[in-house]
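Okay, structure first, notes after.
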Amino acid sequence: MQNKNNRGGLAAILNESPLILTVIAVGLLFLLITGLRGCSKSDPKTPVETKPPVVTTPAPIETTAQPDSQSAERETPSQSAETETPAQTTVPVSTEAPTTEAPDDYPTGFTTVDESYFDDALFIGNSLTDGLCLYDPVGSAKHFSAASATIFGIMDMNDEFYGYYGLRALLQGETFGKIYIKLGINECGYDTDQFINQYQSVLNEIRSYQPNALIYIQAILYVTQKHETNNPVFATAGIMEKNARLKQLAEENGCYFLDLTEVYNDGTNHMPADWTGDGCHPKASCYKYWHQYLLEHAIVDAAHPWQSAAN
Amino acid sequence: MMQFNTVAFLIAYAVFLVIYAFCPERWRRYLMLAGSVAFVAVNSWQAALFALLFTAVNYLLGLCVARTAFRKAALGCAAAVNVIALATFKQLGVPMLGLSYYLFAFIAYLADVARGTIAAETDPVRFATFTFFFPKYIQGPITRYGELSGQIDRPKYSLANIQLGLTYFILGFAMKILLSDKLHVMWSEGYYALTTIGYDAISTKLAWLGAVDTSLQIFIDWQAYTFMAMGIAGTLGYKLPQNFNYPYIARTVSDYYRRWHMTLTRWFTDYVYIPLGGSREGLLRTIVNVLLVWLLTSLWHGSGLAPKYLLWGVAFGAAVIADSRWNRRINGRSLDPDSGRRPTIAGLLLGHIWLILMLPVTVAVLWKPASGLNFILWGMTVGCCAVLERLWKTFVVQRFRIGKRLEEMGPIGKVWKVFVSILAHLWVLIPIIVSWVMFTIRDVDQLAIYLGRLFPAPGKSAGVDPTDFARYWKLVGPAIIAGVILCFPLPETIIRRIGKSRIGSWVLSVLLAALFWYSVYVLTQHGSDPMGYAAF
């Protein structure tokens with residue numbers, strides 16, 4: 001078979017091996033289509049993203065915006081007695097109302113509740129929230145979560161929950177007593193300032209739809225040592241930095257910071273290796289620690305009363 | 001890494017095809033060698049160096065074995081060199097691309113030379129081309145020297161073979177990217193892996209879905225690689241031996257492993273099982289030989305091969321030789337089936353005393369390896385099924401002449417045959433699927449948990465999440481169905497038949513081209529998992 005490069009070659013190829021030609025032809029067609037469409041959009045499944053995010057709200061938010069959302073909450077007299085009762089009972093206790101300055105012993109007055117506390121709660125988040133609501137749901141709380149959710153995209157996600165398309169519709173259509181937010185692991189590749197600024201604008205928007213709700217900001221969890229070694233973007237140092245800023249954000253906005261890293265910690269500020277299968281998500285049987293933490297770290301005050309159904 | 005399922009390889013392969021086409025015929029063997037060495041070196045220069053070293057050593061060993069009068073001893077030493085090399089690398093835990101595959105091939109070559117089946121190779125270029133032959137370098141098929149060496153100087157390079165070769169390459173490529181990788185999500189270390197949920201929390205339905213999924217994934221991964229290897233070889237004018245023959249439609253476990261990784265089975269049969277005596281030394285020895293072959297297969301997969309295994313291997317070899325001689329002395333004529341005498345039980349026990357003594361030694365040596373116990377469980381499961389089959393055949397089917405009776409039963413016999421056929425498939429599939437779970441889950445404690453989910457106590461089959469099976473079916477269901485369809489030979493048969501006619505060939509070519517570029521697109525978007533067996 002020596003005369004492939006002869007004139008009869010093309011005819012021979014057409015006859016006996018059309019695949020050579022079709023592959024080239026379809027390939028050129030493909031290139032043409034791709035070229036005409038511009039750069040093909042890539043759909044990052046892995047959470048590592050280093051290009052700057054598309055911020056949909058005007059940024060950065062100045063502190064002048066805060067008193068608006070805060071004053072709406074302070075319309076109800078909540079400056080009642082500052083009795084600090086031990087966080088053991090399920091009787092409503094009064095706590096100091098949130099102010100723009102962080103009180104000395106912030107956060108104050110976490111108390112232990114039971115499942116019914118969460119019946120009017122909404123959990124917003126990513127795959128971790130998915131996991132909680134799937135494997136160890138709290139009360140009959142609702143959730144708006146998806147595996148790929150980030151603080152940059154959460155408000156624009158069009159997923160349907162409870163008959164509402166998107167988070168805005170859900171927040172406008174229902175009233176929640178508490179809103180729990182947990183986002184951040186998918187944004188580890190982003191700059192902390194960008195992340196916090198976007199978080200602030202999301203908080204503002206949520207507050208505008210739900211002025212009376214208690215808002216809890218949940219810490220970003222650490223990953224296992226092995227996962228950190230293989231994926232340095234999830235380094236504990238970076239997560240700690242973001243969590244510290246989240247705590248500050250909560251204080252500044254009258255929200256409550258839940259430090260879940262107290263629980264999901266093997267002593268070296270990493271996720272315990274036997275609590276997870278893939279290094280960053282707890283196993284189904286290990287969401288109970290989060291569940292328990294939520295039960296033991298609830299805010300009940302005069303503005304947000306709650307009584308156990310058992311009483 | 002430049003495995004077949006990477007863009008880098010596609011580009012290199014396309015360039016190579018063009019150069020090969022314009023290369024004068026008599027230089028193609030050098031081009032093949034150069035291209036193959038380059039392929040290995042780009043993947044790992046250390047692997048290339050070691051391959052070169054072993055090639056040189058075995059080239060010389062081959063010549064020595066051919067020239068000496070003490071063939072058996074020479075073969076033993078030469079084979080031992082390769083076995084020790086293999087064990088050393090396994091023990092060190094250093095992955096060396098292609099090592100297992102070419103060392104097996106060298107042992108086969110040396111044995112064939114010693115037996116006189118082939119002449120020792122005197123042309124170093126041909127010998128090196130055999131080793132480095134890039135379509136089969138990474139993962140086999142394990143080729144006999146005679147099968148490939150003759151082709152090296154006279155490949156059947158033609159447009160028709162290019163068409164067929166590219167067809168298989170594209171089919172394999174698409175299977176890998178679009179199907180195997182999709183099936184793998186349940187078992188790779190990602191968000192959707194079952195290990196993320198935790199095996200203790202999944203429902204029994206989901207556990208079985210996972211078991212079927214991994215069984216299909218391992219097969220499709222192998223089938224895809226095999227098609228790609230065959231395809232590439234075909235476009236260059238070479239024919240590689242068949243490696244998989246639709247194993248999941250087998251009706252006996254013995255048939256199954258003659259269809260699965262056929263060249264490895266062939267290697268173990270020709271160079272381990274038959275030298276040990278095969279089935280010619282009585283039922284007990286046959287059982288031992290079968291189990292030993294499976295044990296060796298398991299040890300090969302496990303990477304923690306301590307030197308004690310080599311010593312044990314030597315001891316076992318000595319026990320086998322002693323067993324043949326001793327058994328003959330003790331039981332003598334009663335071993336002859338025509339003598340009308342049968343060995344007594346006491347006679348058998350005494351006759352096989354060396355093997356019986358090896359049993360506790362084996363258990364002591366094997367228990368408990370630092371790693372690889374799951375592979376031993378995997379191998380022993382399949383091995384025991386094979387042994388049980390032999391026993392069934394000997395003591396039930398042959399004795400009661402079941403085949404003949406079914407024939408004599410007429411139409412009712414036909415119904416029974418169908419029923420028996422279904423049972424046969426279940427007999428093969430259920431243990432094989434469970435054995436693949438043992439193969440996949442390396443941690444034995446985790447494996448125990450998973451087996452507990454596959455076979456739960458009554459009432460305990462639910463998982464933490466009642467929707468888990470439904471969610472996963474949405475995720476992998478279509479891939480599973482596609483995989484099951486590809487377990488049957490019909491799709492391949494149809495494709496080949498379509499390809500024979502002129503119009504069919506064109507239609508097929510357009511479809512394959514589209515399939516190819518779509519797969520490339522998916523590859524660039526999501527990447528692809530490395531080939532499953534390249535690490536062994």
Side-chain angles (χ1 to χ4, degrees), chain A residues 1-5 9-31 33-34 40-47 126-128 130-131 133-137 147-148 185-186 226-227 230 274-288, chain B residues 14 17 21-22 24-25 155-167 169-170 188-202 235 237 445-446 463-468 471 499 502-503 505-518 520-521 524-527:
Chain A
M1 192 40 252
Q2 287 142 320
N3 44 12
K4 241 189 85 207
N5 10 344
L10 189 58
I13 294 176
L14 277 167
N15 242 332
E16 292 187 67
S17 187
L19 193 43
I20 300 174
L21 297 171
T22 56
V23 168
I24 296 173
V26 174
L28 289 173
L29 195 64
F30 194 69
L31 271 173
I33 295 175
T34 317
S40 57
K41 18 184 215 293
S42 59
D43 192 351
K45 280 243 184 97
T46 54
N126 52 28
S127 50
L128 290 156
D130 267 350
C133 298
L134 200 56
Y135 299 117
D136 214 342
S148 53
I185 195 68
N186 290 340
K226 182 176 162 200
H227 202 75
N230 294 338
D274 51 347
W275 284 11
T276 170
D278 66 347
C280 60
H281 293 90
K283 290 186 185 176
S285 56
C286 297
Y287 279 95
K288 60 185 177 195
Chain B
L17 278 178
F22 289 102
E25 243 187 87
K156 290 203 172 72
Y157 185 63
S158 69
L159 281 172
N161 278 337
I162 291 177
Q163 173 75 3
L164 195 61
L166 283 179
T167 301
F169 178 75
I170 291 174
S188 58
E189 284 183 2
Y191 174 57
Y192 292 107
L194 290 181
T195 190
T196 304
I197 304 176
Y199 300 144
D200 53 327
I202 61 177
T235 57
D445 299 311
Q446 288 294 307
V464 167
D465 166 26
T467 68
D468 61 7
R471 284 191 301 116
R502 182 93 190 272
I503 295 185
S505 176
W506 269 96
V507 168
L508 192 63
S509 299
V510 171
L511 290 174
L512 285 172
L515 184 66
F516 173 69
W517 286 110
Y518 177 64
V520 171
Y521 170 70
T524 54
Q525 294 297 88
H526 300 304

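Each chain gets a letter, A, B and so on, in the order its sequence line appears, and its residues count up from 1. Please read all numbers here as calculations on a predicted model, not as lab measurements.
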Does the side chain of [Y] come within less than 4.5 Å of [X]'s, by heavy atoms?
X	Y	result
B:L17	A:I20	no
A:F30	B:Y521	yes
A:I13	B:L159	yes

Return the [atom1] to [atom2] distance between [X] and [Y], rounded to the nearest 0.5 Å.
X	Y	atom1	atom2	result
B:D468	A:L134	CG	CG	8.0 Å
A:D136	B:D465	CG	CG	11.5 Å
B:Y191	A:S148	OH	OG	9.5 Å
A:E16	B:S505	CD	OG	9.5 Å
A:S285	B:D200	OG	CG	4.0 Å

Quick check: are there more than 12 heavy atoms from other residues, nucleotides or ligands sitting under 6.0 Å from CG of A:L28?
-> yes

Option that, when pairs with chain A are counted at under 4.5 Å, heavy atom only, ranks first among B:I197, B:T195, B:N161, B:T167 | B:I197

Option that, when pairs with chain A are counted at under 4.5 Å, heavy atom only, ranks first among B:Q446, B:K156, B:E189, B:R471 =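 Among the listed options, the one with the most contacts to chain A is B:R471.
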
Proximal component of B:L164, with respect to chain A [non-hydrogen, under 4.5 Å] | neither

Tell me, for B:A160 versus chain A, whether the close heavy atoms (under 4.5 Å) come from the side chain, the backbone, both or neither.
-> both

Among A:L19, A:T22, A:T276, A:D278, who wins on heavy-atom pairs under 4.5 Å with chain B?
->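 So the answer, after comparing A:L19, A:T22, A:T276, A:D278, is A:L19.
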
Can you say whether A:D130 sits under 4.5 Å from chain B via the side chain, the backbone, both, or neither, judging by heavy atoms?
->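 Just its side chain gets close to chain B.
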
Engaged part of A:L29 at the chain B interface, taking heavy atoms whose separation is under 4.5 Å =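 The answer is neither part of A:L29.
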
Side chain B:W517, main chain A:V26, donor-acceptor under 3.5 Å = no

